[in-house]
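In what follows, every heavy atom counts, from backbone to side chain, and hydrogens, waters and symmetry copies are set aside. In what follows, chains carry the letters A, B, and so on, assigned in the order in which the sequence lines appear, proteins first and then strands, with residues in each chain numbered from 1.
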Amino acid sequence: MANKLIDIVNVSKSFDDNLVLDELNLYIRENEFLTLLGPSGCGKTTLLRILGGFETPDKGRVIFEGQDITNLAPNKRQLNTVFQKYALFTHMTIADNIAFGLKIKGKSKAYINDKIKYALKLVNLDGYENRSVDSLSGGQQQRIAIARAIVNEPKVLLLDEPLGALDLKLRQDMQYELIRLKNELGITFIYVTHDQEEALTMSDTIVVMNQGYIQQIGTPEDIYNEPENAFVADFIGDSNIISARMVRDKLVNILGVDFECVDTGFGENKPVDVVIRPEDIDLVAPEKGIITGIVTHVIFKGVHYEMEVMANNYEWLVHSTDMFPVDSVVGIWVNPFDIQIMKKPESEDEEAVIIEE
Amino acid sequence: MKNKKKLLAGPYLFWSVSFTIIPLLMIVYYALTDKTGAFTLQNLAKITTPENLKALGLSLLLSALSTLICLLLAYPLALILSNRQVNQTSFIVLIFILPMWMNFLLRTLAWQTLLEKNGVINSVLGFFHLPPLQIINTPYAIILGMVYNFLPFMVLPIYNVLVKIDKDVINAALDLGATRAQTLWKVIIPLSIPGIISGITMVFIPALTTFVISDLLGGSKILLIGNIIEQEFKQSSNWNVGSGLSLILMVFILLSMALIGKYDKDGEGTAF
């Protein structure tokens, strides 16, 4: 894999008495699309602001290409930020906004003009040079904010929930735009969001955070298919999280019924949590299922039906393109490799443990 | 229903017609007539007498200087205030507004007592064997009085605009490589222009028309245009000339209002 570009070592930060980041360690590779994902207040934006230089950590260091930049002023850092609310300079034209960083660096007029043209083309807003900021829509303003950042040729682009204020359709379009931009520019993107779908769509690596701790680091597939704990499973998509007992390797007892699975190494007769994604549950004829249950709710969601099935005193969430009417008796069947076993937290505190990579 | 709502505007309409519009029309009427009631432009032309021109010139000069000093004092203060936490700010703002709760005349009279030849300041200076300060009855004392009385009117509109600037806009400038000074010069000051313009108008207009400050701190020798108008009304009982000069002064005020209209389209700066 590519080299480490940024190394975050033991970083802690608190505001007043509120611990936001606790001894956090993370490294970011060159040319990586890394997403910090978590609920509000999990510390993801604070971490991004520490990278941008707008906050100083109480403890720990930030290493950028081998240099300690923990206390370096924002204007001395080789990275640029795209802010949540665009933060464009409303008293300047679009061209002046984009040229801001280049003018400060004292680049020539010809160079600046070329760069403005190039950047506007890159974000699909050619010909907008002399427009005013107020005349642009939210999505256009956000693209100008991105253009303003990338003309400085940063090694890293920090994006703080840049699509948060846009409507769904525009957000989906911009997700593809961002992936395309990243591939064309070949630089590292560090992206902050609370939207799991956004994270899954765009990232090379997702860092799931909660309460100042990293819960899991992995590819979108890893995070979705093999969540390491109940928090990650619950935060990323809908899921059935059920207390269970590991009978022995490759056999787990869920709600009193033995299910075959593929996980090993959890010991014998040990309590565990299992995650089963709603789309991984097959509803079959009652005699073919591992458990039988009764359909209690059906909601049409467009692509699929969302159904709740009461079986062994647990309400199973099921996504299926086939509809079973309410009160019908169905069998529940799960493929062994669709059952994800997780170590059960032994105490409340361990709900947010640091998960080693 | 609609008509009932319109009725609610009645008291305000009555108030503004009787106390704003009618008096204004009367000033225009007096300004354009002589004592017999015949039309004349003589009253307006009175501004061209040497002593009136001198008073107008001095008024413009002193109020412009006071406005400039207010701006130079107020901007850094507003900048510091806008960077504070909210609870700290309200305390400092209170300290600033507190003197405004006292009567304007009393405050100016207090300065008279402080600055007098044998006043408090000179007694203290004398105690330390320092030369006495002799600025009472000079234009300097008038400027001091204007700056002291009108400074809050400069601080508040600028502060109001500065606190509304998104902190991330400032962060964005730093992020793009600007130093603190470049950020101030290229981003913060341009974005606060509506507040600056509003503050300038709110200091310049009352400074231009004041006669109390020049009366109390300038002695009777220094006449500003406000004093001349006051004398025409009170001592000479010549309402026609007084109105004529008032009308001329109003032109200067309308010019500054036009300036606000041009720069402060959203009315941001005046919103307090």
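Counting heavy atoms of neighbouring residues, nucleotides and ligands inside a 6.0 Å radius, atom OH of Y12(B) does not exceed 12 of them. Open room surrounds CZ on R180(B); 12 or fewer heavy atoms of other groups in view lie less than 6.0 Å from it. The environment of Y148(B) atom OH is dense: over 12 non-hydrogen atoms of other residues, nucleotides or ligands sit within 6.0 angstrom.
Contacts of D7(A) classified as salt bridge (Lys or Arg N to Asp or Glu O under 4.0 Å), with partners at least two apart in sequence or in another chain: K4(A). Looking at residues two or more places apart in sequence or on another chain, you find a salt bridge (Lys or Arg N to Asp or Glu O under 4.0 Å) between D126(A) and K121(A).
Ranking N171(B), V169(B), L174(B) against chain A, the residue ahead of the rest is N171(B), based on heavy-atom pairs under 4.5 Å.
Annotation: the span from D166(B) atom CG to L88(A) atom CG amounts to 10.5 Å, rounded to 0.5 Å.
Interface residues of residues 93-110 of chain A toward chain B, defined by a heavy-atom distance below 4.5 Å and sorted by number: F100(A), G101(A), I104(A), K105(A). For a heavy-atom cut-off of 4.5 Å, chain B lies close to R49(A), F54(A), P74(A), N75(A), L79(A), N80(A), T81(A), F83(A), K85(A), A87(A) in residues 48-87 of chain A.
In this structure, the side chain of H91(A) engages the main chain of K186(B) through a donor-acceptor pair within 3.5 Å.
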